[in-house]
A.B. asks: 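Here it is, the structure in full.
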Amino acid sequence: MTLDFAFLLAGPQAAQLAAGLATTFRLFAGAWLLAVAFAVALAVLRAAPLRPARWLVAAIVEYHRNVPLMVQVLIWYFGVPQMLPTALRIWVNHQDSEFLFALIALALNTGAFMSEDIRSGIRAIPPTQMEAARSLGLRFLPAMWLVILPQALRIAVPPMLNQTLMLFKNTSLAMAIAVGELTYRVREIESETYRTFEIFLLATVIYLTMSFTLMGLGAWFARRFPPLVRA
Amino acid sequence: MKLWIGAAAMAAVLALGGGTRADGLADIKARGKLICGHTQASEPFGYPDATTRQFVGFDVDVCQALARGLGVGVELKAMSVEARIPELRTKRVDVLAAILGYSPERATQVDFSHQYYVSNQKIMVKSDSGLKTLKDLAGRKLAGSKGSSSVAMAIKLIPSANVLSFQDSPSAYLALLQDKIDAAMAGELILARFIRQAKEQNQGTLEMIAEPLFVEPQGIGVNKGEPALLAAVNQVLLEMDKSGELQTIFDRWVGKNSAYGFTRAYKVEPIPTN
């Protein structure tokens, strides 16, 4: 069997791939930003001296860690809109609801995992720092924001990079609800042309290239902002 | 750099894996067994029977008839829709009777036998939607299942429509019931089943647009460069048509002895290539 990539240039396939890559990137970048914000909020709430808030965060994190991501995506797309009032539901269905719900599901899932990484970062900071900050008159949130988090986030960079890579690959699950991302386009091209080996090899190379780029960025960030304390 | 070495190694493995040259028909006769691939979850073509857990269906019967016609035994292999072409091209199966719809582009990768089934790809809408013809679908949101030819054809035939493909046909059906899309596309057999199901479960009245989106001939898939095997398969199919064996299989799965009650309007003949 010979591999022949020339067919990509002959038809509309190159444009299909480019569109898929662009959607994958939008999905990844959007979900990552939301996930980091959500993770920081969860980690801070979990460290707060408020028992109900800690239970709530624990429940959210366990749900996202223990239910398969594919199921979470399907629940957001097929389940959640059914609970909305009719007018709102029809409005949502006429938007780009596939992309929107995939984005939400991916962001919440990744955020839950990242919040655990940030939590361990926070626990690596000696508790006396918090006590010192509070005794200087800072309230809980400013003490967290100004003193603890800047250090905790640096410690959490390597595990958060892991989650980032997972998120990047997990964007492919969005194809289950018809989001036209890279894997979706690859499967589409495969079905149209039956050039299974060529197109999946190409997809592998694209995913690897993007993952290596992310790893490089992560390594650069870890060097540029090394942890300040050795735990 | 490492990456390219890896990719090159993969390509080499693939090239070696499929590189052996032999006459497929002679191999089958020497082995005394035809290895025939069929789908595993496509009722009524290839799916597990609910009580016996054996794979049954139109394509399974065709596999058995093919082997009988060639005068050999049969080994059935169930596979997913995505795995069909790799299984054939790496020669883990001799032939595919696996709802293989013909298109000129696909025919550059595998050879198609004469048609042994012709499916009408249709569009299903909610009865109260007011959508009656293919023209009404301009600018609407349509969906089918991934890997199906109806999705590819809809993009070509109704360019203004927003065409999506879901994981499988039941997802597209659910999306239609929930008003996420305006129309769902699939073969008329699947759609007939969904319409019945929606009625039985009181989930709404659905109907098919009478005019088919397109008509898709299905053939047996044979590897390129196997003229002897392809000719033998065609010969057996023609004999099955003449002897009434194909009619029996048709009636059993989609014709008068099935829930679909279709009548056969095609015969075994070369697929028109245009």
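So that the names make sense, note that chain A is the first sequence line, chain B the second, and so on, each numbered from 1. Values below: every heavy atom of this structure, side chains too, minus hydrogens, waters and symmetry copies.
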A.B. asks: Is Glu190(A) in contact with chain B via its backbone, its side chain, both, or neither, using a 4.5 Å heavy-atom distance?
C.D. replies: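 Just the side chain, heavy atoms under 4.5 Å.
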A.B. asks: Could you grab the distance from atom CD of Gln82(A) to atom CD of Gln178(B), nearest 0.5 Å is fine?
C.D. replies: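 Between atom CD of Gln82(A) and atom CD of Gln178(B) there are 3.5 Å.
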A.B. asks: Look up atom CD in Glu188(A) and atom CD1 in Ile155(B), then write down how far apart they are to the nearest 0.5 Å.
C.D. replies: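 Reported to 0.5 Å precision, the distance equals 5.0 Å.
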A.B. asks: For the OH atom of Tyr194(A) and the OG1 atom of Thr108(B), what is their distance to the nearest 0.5 Å?
C.D. replies: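 With rounding to 0.5 Å, OH (Tyr194(A)) is 11.0 Å from OG1 (Thr108(B)).
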A.B. asks: Kindly indicate whether the side chain of Leu174(B), heavy atoms from C-beta on, has any atom under 4.5 Å from the side chain of Tyr77(A).
C.D. replies: no
A.B. asks: Would you indicate whether Phe214(B), at its atom CZ, is surrounded by more than 12 heavy atoms from other residues, nucleotides or ligands within a distance under 6.0 Å?
C.D. replies: yes
A.B. asks: Roughly how far, to the nearest 0.5 Å, is the CD atom of Glu198(A) from the CD atom of Gln109(B)?
C.D. replies: 6.0 Å
A.B. asks: So for Val81(B), is it side chain, backbone, both, or neither that comes closer than 4.5 Å to the heavy atoms of chain A?
C.D. replies: neither
A.B. asks: Is it the case that the side chain of Asp179(B) and the backbone of Arg89(A) share a donor-acceptor pair, with hydrogens and angles ignored and the cut-off at 3.5 Å?
C.D. replies: no
A.B. asks: Show the nearest heavy-atom pair for residues Met175(A) and Lys146(B), with the distance to one decimal.
C.D. replies: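 In terms of heavy atoms, the two residues are closest at O-NZ, 3.6 Å.
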A.B. asks: To the nearest 0.5 Å, tell me how far Glu82(B) CD sits from Ser191(A) OG.
C.D. replies: 9.5 Å
A.B. asks: Check whether Arg187(A) gets within reach of chain B through its side chain, its backbone, both or neither, counting any heavy atom under 4.5 Å.
C.D. replies: side chain
A.B. asks: Which pair of heavy atoms, one from Phe78(A) and one from Lys180(B), lies closest together, and at what distance?
C.D. replies: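 Looks like CD2-CE, 3.9 Å.
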A.B. asks: Would you call Lys141(B) and Glu98(A) a salt bridge, taking side-chain N to carboxylate O under 4.0 Å as the test?
C.D. replies: yes
A.B. asks: Quick check on Gln95(A) against chain B: is it the side chain, the backbone, both or neither that has a heavy atom closer than 4.5 Å?
C.D. replies: backbone
A.B. asks: Counting only heavy atoms closer than 4.5 Å, note whether Ser165(B) contacts chain A via side chain, backbone, both or neither.
C.D. replies: both
A.B. asks: Chain A heavy atoms under 4.5 Å from Ala143(B): which part of the residue, side chain, backbone, both or neither?
C.D. replies: neither
A.B. asks: Is it true that, when you exclude Phe221(A) itself, more than 12 heavy atoms of the residues, nucleotides or ligands shown sit nearer than 6.0 Å to its CZ?
C.D. replies: no
A.B. asks: Between Phe197(A) and Thr90(B), what is the shortest heavy-atom contact and its length?
C.D. replies: CZ-CG2, 3.7 Å
A.B. asks: For Met215(A), does the CE atom have more than 12 heavy-atom neighbours from other residues, nucleotides or ligands under 6.0 Å away?
C.D. replies: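 12 or below, so no.
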